[in-house]
Amino acid sequence: MEIQVTSILLQMLNFAAIAGGLTFLLFKPVRAELERRAQRIAEGQKAADVMIKEREQVAELKAKAQKEARQEAKVVLEEARKDADARKATLLAEAKAEAAKEREKGRKAGERERQALIEQGTAELEGAVLAISASVIGANLDEKKSAALIRDGLKKIAAAK
Amino acid sequence: MHRVVVTTAMRLTADLREEVLSVAAAKLGSSEIELIEKVDAAVIGGIRLSIGGREFDATIAAQLEQLKN
């Protein structure tokens, strides 16, 4: 087999031409595309990092807000409890005062009723005593005693101004 | 003439009537008196005199009433 130098050189030239053409026509666009892709990935990664960071910040803010809300709720609850206790104490005091008032009212009404009954009983007793006295005195007066009473009365009238 | 009303539980005797007229005359300062006698058992005893618009009550009924009040 004979080696033809010319043919080899032609083959080498042909290969170099093909390689140069491919490098110019294919390798550069592919490389550029790969670089753009790498850049997009890097940007995506960066955006993801930013998003993660933002999410962490949001989570921190959320936790902080929840903590503040819990503290605020605790304060509100405590104030509400204090208000309720104060209201309860006020209502209790008012109820006690009202009950005392009603008791006093009832006691006074009872006292008035008792006094009225006593006065009524006393008046009835007095009436009865006077009626009996009049009856007894009248029954024991004869003409002589009556005349003496009239004379006593005349003396009192004469002495009166 | 002055009107004098006398109220007693029994009818006045003549002596008592004279005594009543004497007291009435002293009160009025005049002996010209028209005596009107009333008998009322409700006075029980004693005497009530009405002289010139004034009333003097010395009856047992009045005394009992005072006791009541």
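Side chains are part of it too, since the values below use all heavy atoms of this structure and drop only hydrogens, waters and symmetry mates. Quick note on labels: first sequence line is chain A, next is B, and so on, each numbered from 1.
- If you measure heavy-atom distances from L64(B) to chain A, the contacts under 4.5 Å come from both the backbone and the side chain.
- Contact count against chain A (heavy-atom pairs under 4.5 Å) is highest for M10(B) among E65(B), M10(B), R54(B).
- Listed options I137(A), I157(A), D152(A) were ranked by heavy-atom pairs under 4.5 angstrom with chain B; first place goes to I157(A).
- Within 6.0 Å of atom CD in E113(A), 12 or fewer heavy atoms from other residues, nucleotides or ligands are found, so the atom counts as exposed in its surroundings.
- Heavy atoms of L141(A) lying under 4.5 Å from chain B belong exclusively to its side chain.
- Considering CD of Q115(A) and CD of E119(A), their distance stands at 5.0 Å, rounded to 0.5 Å.
- Proximity to chain A (any heavy atom under 4.5 Å) is restricted, for Q63(B), to the side chain, taken from C-beta onward.
- Heavy atoms of V6(B) lying under 4.5 Å from chain A are absent altogether.
- For R11(B), the CZ atom counts as loosely surrounded, since its 6.0 Å shell holds 12 or fewer non-hydrogen atoms of other residues, nucleotides or ligands.
- For E111(A), the CD atom sits in a packed shell: over 12 heavy atoms of surrounding residues, nucleotides or ligands are nearer than 6.0 Å.
- Of the charged side-chain nitrogens involved, none lies within less than 4.0 Å of a carboxylate oxygen, so that E56(A) and K53(A) do not count as a salt-bridged pair.
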